[in-house]
A.B. asks: 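Can you keep this structure in mind? I'll have questions shortly.
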Amino acid sequence: MDYRNTLNLPETDFPMRGNLPKKEPEILKSWEEEKLYEKVQKAREGRPKFILHDGPPYANGDIHLGHAINKVLKDIIVKYKTMMGFDAPYVPGWDTHGLPIEQQVIKKLGVNRHAVSALEFRQKCKDYAEKYVGIQREEFKRLGVRGDWEHPYLTLQKEYEAAQIGVFGDMTKKGYIYKGLKPVYWCPSCETALAEAEIEYADKPATAIYVKFAVRDGMSALIKENTFVVIWTTTPWTLPANLAISVHPELTYAVVTAQQEHWVVAEGMLESLRSLWKLELPVERTLSGKDLEGVICINPLMDRDSVVVCGEHVTLEAGTGCVHTAPAHGEDDFLVGKKYGLPALCPVDHQGKFTAEGGAYVGLKTGKANPVIVEDLKNSNDLVLEETIEHSYPHCWRCKSPIIFRATEQWFASIDGFRQAALDEIEKVRWIPAWGRDRIFNMIAERGDWCISRQRTWGVPIPIFYCEDCGKVLVNDHSITKVQDFYRQEGSDAWFAHSAMELLPEGTACECGGLKFRKETDIMDVWFDSGTSHAGVLKQRTELSWPADLYLEGSDQHRGWFNSSLSTSVAAFGQAPYRNVLTHGFVVDEQGRKMSKSLGNGVDPLKVVQELGADILRLWVSSVDYKNDVAASPRIMKQMSEAYRKIRNTLRFLLSNLNDFDPAKDKVSYQELQEIDRWALLKLSKVVERVLLGYESYEFHWAYHTIHNFCTIELSAVYLDIVKDRLYVEGKTSLLRRSAQTVLYEVLDSLVRLLAPVLSFMAEEIWLYIPGEKSAENVQIAEMPKVNSEWMDEELANRWDQILALRTDVAKVLEIARQEKLINHPLTAQVDLYPTNEQYESLQQVPNLAEIFIVSSLVMHQPNEERPEGVQPAEVHKGLGILVQPAKGEKCERCWMFQEEVGKNEEHPTICPRCSDVVSENSSRLID
RNA sequence: GGGCCUGUAGCUCAGUUGGUUAGAGCGCACGACUGAUAAUCGUGAGGUCGAUGGUUCGAAUCCAUCUAGGCCCA
């Protein structure tokens with residue numbers, strides 16, 4: 001007789017291999033068709049809200065791994081919070097304005113920006129941005145991210161733009177917005193400001209000159225007679241704008257004798273200067289840069305004061321260590337000038353020509369002025385040396401001509417106006433990890449004013465008017481409200497489509513009485529766009545609320561979005577827009593190096609999804625400690641697939657043993673369970689506790705490792721292995737089998753919920769296979785399992801730690817016997833235990849050690865019994881002897897255990913008594 | 001150069017207030033099973049805890065310096 005059919009072997013349609021690249025799109029389709037997002041929102045209507053506000057990625061290009069981490073982390077949190085009972089809407093957003101899109105439009109579409117109208121150009125930019133919003137949206141959806149993809153927020157949306165200039169209006173009203181000068185890259189030939197990305201560096205010969213600045217007032221540091229500070233510059237034309245000389249406060253400077261005069265240069269440059277100038281330059285004395293601070297020199301061209309200031313930007317790479325400083329013509333110069341209250345004097349106009357402020361050089365172009373200035377210095381005996389050098393110099397990307405640095409008028413937000421309030425708000429926010437607080441605090445504490453002007457087209461125009469008569473600025477509640485109305489109707493295109501007259505309320509007049517106005521041409525920095533999303537999104541949409549519970553972005557956003565959002569929010573509303581800020585690190589390779597094209601170490605998330613599946617990528621995100629940088633490589637992704645398979649197979653095994661189980665009818669009460677069943681529930685409860693703690697503290701890798709270890713050790717290697725015998729061999733409806741099934745069901749039901757935020761696709765797939773009535777149609781709508789305190793039996797836990805340690809001891813001895821070819825499968829073995837007195841007492845209480853060791857029989861000897869040859873010492877249970885020998889009796893054909901009784905039953909001569917009982921009972925049942 | 005951060009087995013992570021031979025899983029090697037089978041089980045080998053110096057009876061853990069790397073500035 002073939003007894004195989006009398007066993008309850010596992011059976012399920014749930015496939016062992018996921019075939020995710022094919023299966024996931026099908027699941028996605030079903031989510032879309034059933035409108036899962038809306039369904040979830042509906043199910044959580046009226047529940048407490050948890051608002052995670054999405055930081056908008058830039059709508060340009062395909063998504064990369066950094067995007068993937070960010071979005072998956074957000075998705076895990078949103079799904080977890082939902083399953084904890086919160087109403088957690090997720091509205092994804094995109095940043096859609098700005099220079100990179102302009103550049104792409106110009107490059108890819110071949111659009112000449114000046115050949116088309118601003119409105120046409122902006123339309124092209126909009127098309128481009130929307131195209132990439134569409135592409136990225138599909139890519140994000142493919143990752144399994146649940147959100148309101150049909151209604152995302154875009155910074156180019158009309159309502160958004162209207163809200164944005166509302167914030168600008170608030171800030172204006174509070175006096176935080178002002179107009180000032182700032183040096184920018186400027187192309188005199190195109191007559192336009194250039195962004196950093198529009199600069200190309202090329203080698204260019206230049207006239208470098210060493211110039212003496214006579215000391216007018218040496219303070220206590222220098223004598224004034226016959227003393228000069230010597231500077232070096234490669235741009236002589238900036239000398240008319242010189243207002244200062246920068247020295248490094250910690251460098252040593254030397255007063256040297258030269259041509260019967262006293263010259264001041266950095267001590268560290270003396271050697272090279274001696275050979276260059278062909279002078280001996282004996283040192284008279286030295287002093288520190290700090291000592292020189294405040295010394296007043298004379299600009300030899302303009303007969304104007306030039307004060308010595310201290311700056312950290314001074315180096316000894318070239319020159320004299322005394323750096324010519326013209327605040328209007330350089331970033332460092334501007335910053336140090338600002339520190340010392342120097343104006344950004346800019347005697348050069350938009351065509352690169354000297355203005356009247358340029359004195360003798362008025363009308364000259366900067367290039368032409370260079371030789372004239374050198375000649376003048378030579379004549380006045382202020383030139384030490386002139387040399388020609390080759391250096392890398394920025395050029396305009398379009399016309400290829402050299403650019404200049406030039407201070408131009410820009411709109412600024414004055415950080416000083418609300419700096420303290422922002423710092424106070426930082427203290428109220430919870431920063432995760434905690435050092436995020438230090439990072440943003442230092443930045444806000446030290447940052448200069450925020451230049452929000454951009455001389456570009458693709459963005460939100462700064463809603464300010466100027467009186468045509470007197471030039472005075474006009475911006476007030478009325479003008480802002482009117483422009484907002486226009487933006488709400490037509491978007492910010494309205495600024496370009498309508499005249500100032502139309503955009504202003506009727507009857508608007510300047511203080512001077514003027515009635516004609518012109519519009520500001522600058523647009524806002526895109527950081528102002530995204531930085532006002534709290535106003536444009538959280539305050540606009542009814543399903544959201546302000547402030548957000550959580551912002552979650554890469555750590556670079558301390559300077560970026562966290563910063564701009566905080567600034568606009570504190571400035572306009574006096575409060576931070578977020579309660580918690582969570583940051584993640586960057587993706588690096590296995591060696592910890594950043595991903596780059598040249599190293600070729602990049603990992604493409606789309607490829608991972610295509611080849612392995614989104615769940616693998618999601619599992620990877622969950623497995624790493626993302627607060628640090630995270631490593632990615634094909635090898636690591638492969639490792640994740642294997643972890644995935646282990647989890648999947650474990651759950652599949654649970655399913656396959658539950659195909660005849662109806663929890664409503666067949667569940668066994670806790671009191672009736674076997675000890676090992678209770679042990680499994682105890683471990684499950686600890687897993688639930690640990691995983692929930694992991695999710696709650698945003699330590700998803702705790703959850704991952706806990707679940708993976710649980711599947712591998714407690715389930716696969718221990719409980720499931722042991723309980724197979726009961727499941728397969730005992731009667732289908734027997735208490736022993738139903739007890740084990742009860743545990744399997746509880747484990748499955750808990751694990752699938754715990755996994756759902758991470759392995760969303762797999763959890764959904766499994767959910768359909770779980771027997772019995774379900775609490776929700778989709779696992780994502782179900783609630784997280786709760787820790788069952790009844791199962792948390794610490795006494796049981798301690799006792800079973802000992803028993804399982806013994807199991808390991810026995811396994812080692814079994815392995816020795818296996819190598820000696822005494823046995824192979826553990827069921828071919830008999831185990832004899834030779835315990836100490838103490839061990840005997842405790843081990844005797846465990847009734848089913850053979851079952852736990854999965855051997856055919858176990859003999860417990862008396863403590864004082866003599867130990868025969870071949871007894872091995874146990875490793876953990878010191879003093880215990882373990883003997884393994886071939887099991888006695890015949891192999892039961894049905895349960896495969898070796899029993900001496902096999903063959904004694906006439907009706908069933910090839911099976912053991914236990915099996916014959918089950919078989920008989922089954923057949924009698926069949927007769928009923 | 002400055003601000004912030006990181007460096008524990010090949011990989012992903014543990015390591016509680018400094019306290020015995022530094023742990024887990026994966027991977028790897030070897031073996032077993034063939035009733036979880038493109039599965040499953042067992043055993044084993046892998047670490048001068050980035051480096052050096054210090055504090056201490058005792059340091060992966062505290063301090064200093066260096067080094068490798070990351071983000072943001074300059």
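Values below: every heavy atom of this structure, side chains too, minus hydrogens, waters and symmetry copies. Lettering of chains follows the sequences in order, A, B, ..., and the numbering in each one begins at 1.
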A.B. asks: Check the distance between G15(B)'s C1' and Glu699(A)'s CD and give it to me in whole angstrom.
C.D. replies: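 After rounding, the gap between these two atoms is 15 Å.
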A.B. asks: For Trp896(A), answer base if it contacts any base atom (sugar-phosphate contacts may also be present), sugar-phosphate if it contacts only those atoms, and nothing otherwise; contact means non-hydrogen atoms under 4.0 Å.
C.D. replies: base
A.B. asks: Less than 3.5 Å apart, any donor N or O on the side chain of Trp561(A) or Asp95(A) sitting next to an acceptor on the other?
C.D. replies: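 Asp95(A) and Trp561(A) do not have a side-chain donor-acceptor pair below 3.5 Å.
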A.B. asks: For Glu446(A), which contact category applies under a 4.0 Å heavy-atom criterion: base, sugar-phosphate, or nothing?
C.D. replies: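 The answer is nothing, as Glu446(A) stays clear of every strand by at least 4.0 Å.
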A.B. asks: To the nearest Å, how far apart are Phe562(A) CZ and C71(B) P?
C.D. replies: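 My rounded result for the distance is 16 Å.
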A.B. asks: On the side chain of Gln639(A), is there an atom forming a donor-acceptor pair with the base of C11(B) - under 3.5 Å, no angle test?
C.D. replies: yes
A.B. asks: Indicate whether OP1 or OP2 belonging to A36(B) is found under 4.0 Å from a side-chain N or O atom of Tyr728(A).
C.D. replies: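 Affirmative; the distance criterion is met.
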A.B. asks: Report which part of the nucleic acid Ile636(A) touches: base, sugar-phosphate, or nothing (heavy-atom distance under 4.0 Å, all strands).
C.D. replies: sugar-phosphate
A.B. asks: Measuring from the side chain of Glu642(A) (C-beta onward, heavy atoms only), which nucleotide among U43(B), A39(B), G27(B) has the closest atom?
C.D. replies: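 My answer, after comparing the listed nucleotides, is G27(B).
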A.B. asks: Between atom CG of Asp725(A) and atom CZ of Arg914(A), what is the distance when rounded to the nearest 0.5 Å?
C.D. replies: 4.0 Å
A.B. asks: With syn defined as a glycosidic torsion within 90 degrees of 0 and anti otherwise, which applies to G46(B)?
C.D. replies: syn
A.B. asks: How long is the gap from CE on Met897(A) to CD on Glu851(A), to the nearest 0.5 Å?
C.D. replies: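 Met897(A) CE to Glu851(A) CD: 8.5 Å, rounded to 0.5 Å.
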A.B. asks: Between G44(B) and Lys812(A), is there an OP1 or OP2 to side-chain N/O distance shorter than 4.0 Å?
C.D. replies: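 Indeed, a polar side-chain atom of Lys812(A) lies that close.
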A.B. asks: Roughly how far apart, to the nearest Å, are A24(B) and A14(B) at atom C1'?
C.D. replies: 7 Å
A.B. asks: For Ala643(A), report the nucleic acid contact type (base, sugar-phosphate, nothing); a contact means any heavy atom under 4.0 Å.
C.D. replies: nothing
A.B. asks: Can you check the distance between G19(B) and U61(B), where both ends of the measurement are the P atom (answer in whole Å)?
C.D. replies: 11 Å
A.B. asks: Identify whether any heavy atom of Thr808(A) sits under 4.0 Å from a base atom; if not, whether one sits that close to sugar-phosphate; answer base, sugar-phosphate or nothing.
C.D. replies: sugar-phosphate
A.B. asks: Taking C5(B) as the reference, what is the distance to C49(B) when you measure between their P atoms (whole Å, please)?
C.D. replies: 24 Å
A.B. asks: Using a heavy-atom cut-off of 4.0 Å across all strands, would you classify Ser656(A) as base, sugar-phosphate, or nothing?
C.D. replies: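 Touches nothing.
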A.B. asks: Taking only the C1' atom of each, what is the distance from G69(B) to C33(B) in whole angstrom?
C.D. replies: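 So the two C1' atoms sit 47 Å from each other.
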A.B. asks: Give me the distance, rounded to whole Å, that separates U52(B) from A45(B) when you measure between the P atoms they each carry.
C.D. replies: 27 Å
A.B. asks: Does A14(B) have OP1 or OP2 sitting under 4.0 Å from an N or O in the side chain of His701(A)?
C.D. replies: yes
A.B. asks: Between atom CZ in Phe334(A) and atom P in A74(B), what is the gap in whole Å?
C.D. replies: 13 Å
A.B. asks: Determine the contact category for Met640(A): base if any of its heavy atoms lies under 4.0 Å from a base atom, sugar-phosphate if only primed atoms, P, OP1 or OP2 are that close, otherwise nothing.
C.D. replies: nothing
A.B. asks: State the pairing partner of G69(B); accept Watson-Crick or G-U wobble contacts with both distances under 3.5 Å, and report none otherwise.
C.D. replies: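 The base-pairing partner of G69(B), which may sit in any strand shown, is C5(B).
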A.B. asks: Does Lys821(A) make a side-chain N or O approach to OP1 or OP2 of A32(B) shorter than 4.0 Å?
C.D. replies: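 Answer is yes, contact under 4.0 Å.
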A.B. asks: Taking the C1' atom in each of C63(B) and U55(B), what is the distance between them to the nearest angstrom?
C.D. replies: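 Here C63(B) and U55(B) have their C1' atoms 7 Å from each other.
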A.B. asks: Taking the P atom of each, how far is A22(B) from U48(B), in whole Å?
C.D. replies: 12 Å
A.B. asks: If we check ring-ring contact (aromatic ring centres under 6.0 Å, His included) with Trp431(A), which of these qualifies: Phe441(A), Tyr551(A), Tyr578(A)?
C.D. replies: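 The option that passes is Tyr578(A).
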A.B. asks: Ignoring backbone atoms, test whether Lys646(A) places a side-chain nitrogen or oxygen under 4.0 Å from the OP1 or OP2 oxygen of C41(B).
C.D. replies: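 Yes, Lys646(A) has a side-chain N/O under 4.0 Å of OP1/OP2 on C41(B).
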A.B. asks: Pairing check on C33(B): which nucleotide meets the Watson-Crick or G-U wobble criteria with it, both distances under 3.5 Å?
C.D. replies: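 Base partner found: none.
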A.B. asks: Taking any heavy-atom pair under 4.0 Å as a contact, classify Asp625(A): base, sugar-phosphate, or nothing.
C.D. replies: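 Since only primed, P, OP1 and OP2 atoms lie under 4.0 Å of Asp625(A), the category is sugar-phosphate.
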A.B. asks: Could you walk me through whether Glu553(A) and Asn70(A) pass the side-chain hydrogen bond (donor to acceptor under 3.5 Å, both in side chains) test, one step at a time?
C.D. replies: CA-CA 6 Å; Glu553(A) 305 298 332; Asn70(A) 179 256; 3.3 Å; yes
A.B. asks: Rounded to whole Å, please give me the gap between CG in Leu748(A) and P in A36(B).
C.D. replies: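 Computing the Leu748(A):CG to A36(B):P distance gives 18 Å.
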A.B. asks: For U20(B), give its Watson-Crick or G-U wobble partner with both distances under 3.5 Å, or none.
C.D. replies: none
A.B. asks: Looking at every strand, decide which applies to His708(A) at a 4.0 Å heavy-atom threshold: base, sugar-phosphate, or nothing.
C.D. replies: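 It contacts sugar-phosphate atoms only.
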A.B. asks: For the pair His701(A) and Tyr626(A), evaluate side-chain hydrogen bond (donor to acceptor under 3.5 Å, both in side chains) and give the outcome as yes or no after the intermediate values.
C.D. replies: CA-CA 9 Å; His701(A) 59 294; Tyr626(A) 62 83; over 6 Å; no
A.B. asks: Strictly below 4.0 Å: does Arg652(A) bring a side-chain N or O up to OP1 or OP2 of A39(B)?
C.D. replies: no
A.B. asks: Are any of Asn649(A)'s side-chain N or O atoms less than 4.0 Å away from OP1 or OP2 of A36(B)?
C.D. replies: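 Looking at the OP1 and OP2 atoms of A36(B), neither is under 4.0 Å from any side-chain N or O of Asn649(A).
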A.B. asks: Please state how far atom CG in Leu720(A) lies from atom P in A36(B), giving the value in whole angstrom units.
C.D. replies: 11 Å
A.B. asks: Return the value, rounded to whole Å, for the distance between atom CH2 of Trp561(A) and atom C1' of C71(B).
C.D. replies: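 These atoms are roughly 18 Å apart.
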A.B. asks: Below 3.5 Å, does any donor atom in the side chain of Arg439(A) face an acceptor in the base of C71(B), or the other way round?
C.D. replies: yes
A.B. asks: Can you find a side-chain donor-acceptor pair between Ser633(A) and Glu590(A) that sits under 3.5 Å?
C.D. replies: yes
A.B. asks: Using atom P in both nucleotides, what's the gap between G7(B) and U16(B) to the nearest angstrom?
C.D. replies: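 That atom pair is separated by 13 Å.
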A.B. asks: Classify the nucleic acid contact of Gly592(A) as base, sugar-phosphate or nothing, counting any heavy atom under 4.0 Å across all strands shown.
C.D. replies: sugar-phosphate
A.B. asks: Could you give the distance from CG (Asp809(A)) to NZ (Lys878(A)), rounded to the nearest 0.5 Å?
C.D. replies: 8.0 Å
A.B. asks: With a 3.5 Å limit on both atom pairs, tell me what C49(B) is paired to, counting Watson-Crick and G-U wobble, or say none.
C.D. replies: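 Its partner: none found.
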A.B. asks: Go nucleotide by nucleotide along RNA chain B from the 5' end; which of Leu7(A) and Asn442(A) gets its closest nucleotide reached first?
C.D. replies: Asn442(A)
A.B. asks: How long is the line joining CG of Leu617(A) and C1' of U12(B), in whole Å?
C.D. replies: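 To the nearest whole Å, that distance equals 15 Å.
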A.B. asks: Can you tell me which nucleotide in G70(B), G42(B), G35(B) comes closest to the side chain of Arg818(A)?
C.D. replies: G42(B)
A.B. asks: Set out, in order, the CA-CA distance, both residues' side-chain angles and the distance that settles side-chain hydrogen bond (donor to acceptor under 3.5 Å, both in side chains) for Ser246(A) and Thr325(A), then state yes or no.
C.D. replies: CA-CA 6 Å; Ser246(A) 298; Thr325(A) 301; 2.7 Å; yes
A.B. asks: Establish, with yes or no, whether the OP1 or OP2 oxygen of C41(B) is under 4.0 angstrom from a side-chain nitrogen or oxygen of Ser716(A).
C.D. replies: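 So the side-chain polar atoms of Ser716(A) do come within 4.0 Å of the phosphate oxygens OP1 or OP2 of C41(B), strictly under.
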A.B. asks: With both distances kept under 3.5 Å, what pairs with C28(B), Watson-Crick or G-U wobble?
C.D. replies: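 Checking every strand shown, C28(B) finds its partner in G44(B), with both distances under 3.5 Å.
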A.B. asks: Please work out whether the ring planes of Phe562(A) and His558(A) are parallel, tilted or perpendicular, with thresholds of 30° and 60°.
C.D. replies: perpendicular
A.B. asks: Starting at CD1 of Ile713(A) and ending at P of G23(B), how long is that distance when rounded to a whole Å?
C.D. replies: 15 Å
A.B. asks: For A36(B), does either OP1 or OP2 sit under 4.0 Å from a side-chain N or O belonging to Lys724(A)?
C.D. replies: yes
A.B. asks: Over all strands shown, is Arg894(A) touching base, sugar-phosphate only, or nothing at heavy-atom distances under 4.0 angstrom?
C.D. replies: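 Counting heavy atoms under 4.0 Å across all strands, the contact made by Arg894(A) includes a base.
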A.B. asks: Any side-chain N or O of Arg4(A) under 4.0 Å from OP1/OP2 of G35(B)?
C.D. replies: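 For G35(B), OP1/OP2 do have a side-chain N/O of Arg4(A) under 4.0 Å.
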